[in-house]
Amino acid sequence: MKRTGAFTTGVMVAVLLALSACTRAPLGTVPMAERDAIHASLMQDIRTLASDEFGGRRPGTMGEELTLAYITQELQAAGFTSGTNDPGNAWRAPVPLVSTQPATSRIALKLGRREVTLDEAGAAAFTSRRRALVEGADIVFVGTLSDVVPDEAVGGKVVLMLGEPGESPERRLALFEKNPAAIITVVADEQAIANTLSAFDNERFLLASEEISNLSGFATRAEMARALGEERWEGLLTAADDDEFEPLEVKGEATIEATSIRREFTSYNLIGVLPGGVRGSGAVLLLAHWDHLGECGEHGAADLICNGAIDNASGVAVVLELARRLAAIGPHDRDIYVLATSAEESGLLGAKAFVDEPPMPLDTIVAAFNFDTVALAPAGSPVGFVGEGLTPLDTLIRETMIEGERQLGNKELAERFVQRQDGWALLERGVPTVMLSTAFGSEIILGPYLSSHYHRPSDEIDKVELGGAIDDLLLHQELVQRAADTEFYPATGG
């Protein structure tokens with residue numbers, strides 16, 4: 001009887017546990033009242049950061065100052081301190097930038113006594129310097145070749161290369177490493193030139209430490225045929241199609257001049273830290289870019305300001321709310337850093353500056369989580385895993401997601417954005433970095449935003465959807481707690 005009774009009791013306990021497991025709320029869920037409070041807090045931060053007063057948060061403007069002051073204020077209120085480890089630059093880590101905008105250009109080719117200046121509608125030249133000039137340089141045609149071209153074949157000369165959509169930028173970089181005087185990329189038609197002008201025409205930012213003063217020209221095939229002569233140009237094109245093609249000297253000289261409006265200034269990354277309780281145990285990093293485009297509306301439009309409510313006031317807002325919640329439930333073993341980066345929109349420049357001069361050794365960062373363009377998906381949406389398979393974090397993430405009953409989204413979609421977000425600058429330096437976001441889980445969710453509101457004045461607070469962002473926030477809260485726990489996640493570095 002006793003054994004039977006004990007067996008019966010054990011079965012009942014097992015059944016109760018099973019029933020309990022079936023009815024237990026998934027990991028990372030909170031009462032609706034708490035979700036409502038998170039929603040209100042996120043909306044307050046987004047409304048402030050995406051207000052017209054902040055002017056679109058363009059680096060080097062008053063909008064930057066207002067943005068950095070606001071983020072600092074909120075992190076300080078949460079209990080964070082400066083994380084720069086530089087007493088001379090509390091909270092703000094300098095990011096020296098160069099601003100450049102094209103002004104004038106001229107490309108001329110001289111063959112014997114005949115000199116042709118290429119038409120502005122079919123040709124343009126660009127430099128980041130105030131003025132760059134190449135006069136009477138020899139010309140060499142390389143077709144679609146690049147890294148296989150001998151240095152001596154192009155050094156000091158003007159290089160003519162055939163443009164290939166998607167391939168030209170890398171080929172151009174490879175050729176510039178061989179020290180030509182300039183490179184003229186020959187594109188299909190005037191629409192291609194117009195696209196190039198559109199890409200170069202706006203003010204661009206470069207890291208001062210990475211500036212390369214190249215002189216780049218672009219010209220249509222029609223303009224090259226007019227300048228060189230139809231027969232000579234067709235002969236070059238035919239030669240380039242030969243499998244045995246080698247660079248050809250073009251008997252003539254090229255003169256290229258370009259000027260730009262240029263200024264040098266310092267923008268800032270903002271870095272805060274919530275010190276951990278176990279010294280030397282490493283750090284967890286949360287990052288989001290604070291910058292946007294400033295005024296980017298079409299000339300004469302009623303609304304010129306690109307407020308960037310979704311990109312990326314929403315990412316900053318989630319990081320701020322996550323920072324508040326992590327501080328409230330601390331202490332944690334590991335340091336928790338918050339990094340708000342500058343000039344992401346110009347090529348991940350703030351993130352690159354961070355990895356060049358980090359406030360801690362990069363190999364002590366055990367996990368980094370990026371937040372970018374997060375406020376798109378409704379609650380319950382699948383999670384896009386940007387960086388899957390690239391770090392040791394996969395197991396931690398997958399196990400946490402399973403416990404939270406979260407589903408992974410479209411892997412191919414997420415993979416398209418690995419190199420287009422700040423996390424890439426860290427991944428390149430070996431820092432285990434991922435971006436987990438419902439916004440990147442489905443083309444159905446992300447596609448309409450990219451086609452209609454991305455980098456446009458219509459990226460306003462009325463387009464914000466926070467259901468999925470709150471899910472993401474709660475998922476990250478659990479992930480960061482686990483990654484910051486030396487017993488649960490005993491990693492010693494990336």
Side-chain angles (χ1 to χ4, degrees), residues 102 105-112 114-120 122-129 132-197 199-200 211-258:
S105 73
R106 175 176 176 267
I107 301 176
L109 302 183
K110 183 177 181 182
L111 297 96
R114 178 172 173 265
E115 181 173 355
V116 178
T117 297
L118 275 58
D119 189 88
E120 290 183 0
F126 305 94
T127 180
S128 64
R129 290 179 286 176
L133 173 65
V134 171
E135 286 188 288
D138 292 338
I139 307 170
V140 61
F141 175 71
V142 300
T144 58
L145 301 179
S146 58
D147 53 337
V148 299
V149 175
D151 292 10
E152 60 272 17
V154 297
K157 300 174 183 177
V158 169
V159 175
L160 296 182
M161 61 171 267
L162 295 176
E164 299 172 287
E167 303 292 332
S168 295
E170 288 189 10
R171 287 178 46 226
R172 206 160 32 242
L173 286 174
L175 287 167
F176 268 124
E177 291 182 359
K178 301 174 184 295
N179 297 314
I183 295 177
I184 299 176
T185 303
V186 185
V187 298
D189 50 32
E190 289 189 2
Q191 182 57 55
I193 286 291
N195 293 340
T196 300
L197 287 171
F200 279 84
E211 182 185 14
I212 302 174
S213 299
N214 295 327
L215 180 56
S216 294
F218 297 85
T220 65
R221 291 194 174 205
E223 277 300 291
M224 292 308 303
R226 185 174 72 87
L228 297 177
E230 291 278 357
E231 184 177 350
R232 180 180 297 187
W233 177 241
E234 289 300 325
L236 291 174
L237 293 179
T238 300
D241 286 336
D242 193 313
D243 291 339
E244 303 299 322
F245 171 75
E246 294 183 356
L248 293 174
E249 295 280 349
V250 178
K251 293 183 179 180
E253 297 178 347
T255 295
I256 306 175
E257 181 178 18

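In this text, all values refer to a predicted model and were calculated from it rather than measured experimentally. Residues: numbered from 1 along the sequence shown.
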If you apply the rule side chain to side chain contact (heavy atoms under 4.5 Å, CB included), what do you find for K110 with T255, and how did you get there?
CA-CA 8 Å; K110 183 177 181 182; T255 295; over 6 Å; no
Please step through side chain to side chain contact (heavy atoms under 4.5 Å, CB included) for the pair V158 and V134, ending with a clear verdict.
CA-CA 8 Å; V158 169; V134 171; 4.1 Å; yes
As a quick check of understanding, evaluate side chain to side chain contact (heavy atoms under 4.5 Å, CB included) for I107 and T117, giving each step before the final call.
CA-CA 6 Å; I107 301 176; T117 297; over 6 Å; no
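In terms of heavy atoms, E223 sits closest to D119 at OE1-N, 2.8 Å. Annotation for V154 and V149: closest pair CG1-CG1, 3.6 Å, computed over non-hydrogen atoms. Considering all non-hydrogen atoms of both residues, A132 and R129 come closest at CB-NH2, 3.4 Å. Contact record, L145 with P247: CD1-CD, 4.1 Å, taken as the closest heavy-atom pair. What you find for A192 and A188 is that their closest heavy atoms are CB-N, 4.2 Å. What you find for L111 and A227 is that their closest heavy atoms are CD1-O, 3.4 Å.
A distance-only check finds no donor-acceptor pair linking the side chain of E253 to the backbone of I139 [under 3.5 Å]. Here the side chain of S168 pairs no donor or acceptor atom with the backbone of G163 at under 3.5 angstrom.
Annotation: the span from S146 atom OG to K178 atom NZ amounts to 8.0 Å, rounded to 0.5 Å. Here CG of L160 is found 10.5 Å from CG of L248. Values are rounded to the nearest 0.5 Å. Of the inter-residue distances, the one linking I184 atom CD1 with L109 atom CG reads 5.5 Å to the nearest 0.5 angstrom. If you take NZ on K157 and CD on E152, they are separated by 9.0 Å, rounding to the nearest 0.5 Å. Atom CZ of F141 and atom CE of M161 lie 10.5 Å apart (nearest 0.5 Å). In this structure, the separation between CZ on F245 and OG1 on T144 is 7.5 Å, given to the nearest 0.5 Å.
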Could you list the donor-acceptor pairs under 3.5 angstrom formed by side chains in residues 231-241, with sequence neighbours left out?
| residue | atom | partner | partner atom | Å |
| --- | --- | --- | --- | --- |
| R232 | NH1 | K251 | O | 3.2 |
| T238 | OG1 | E234 | O | 2.9 |

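Around CD of E170, the count of heavy atoms belonging to other residues, nucleotides or ligands within 6.0 Å does not exceed 12. Remark: E246 CD is loosely packed, at most 12 non-hydrogen atoms of other residues, nucleotides or ligands lying under 6.0 Å away. No more than 12 heavy atoms of other residues, nucleotides or ligands sit less than 6.0 Å from atom CD of E120.
Donor-acceptor pairing under 3.5 Å is lacking for the side chains of S216 and R172.
Checking V142, L173, V159 one by one against I183, the side-chain contact (heavy atoms from CB on, under 4.5 Å) holds for a single residue, V159.
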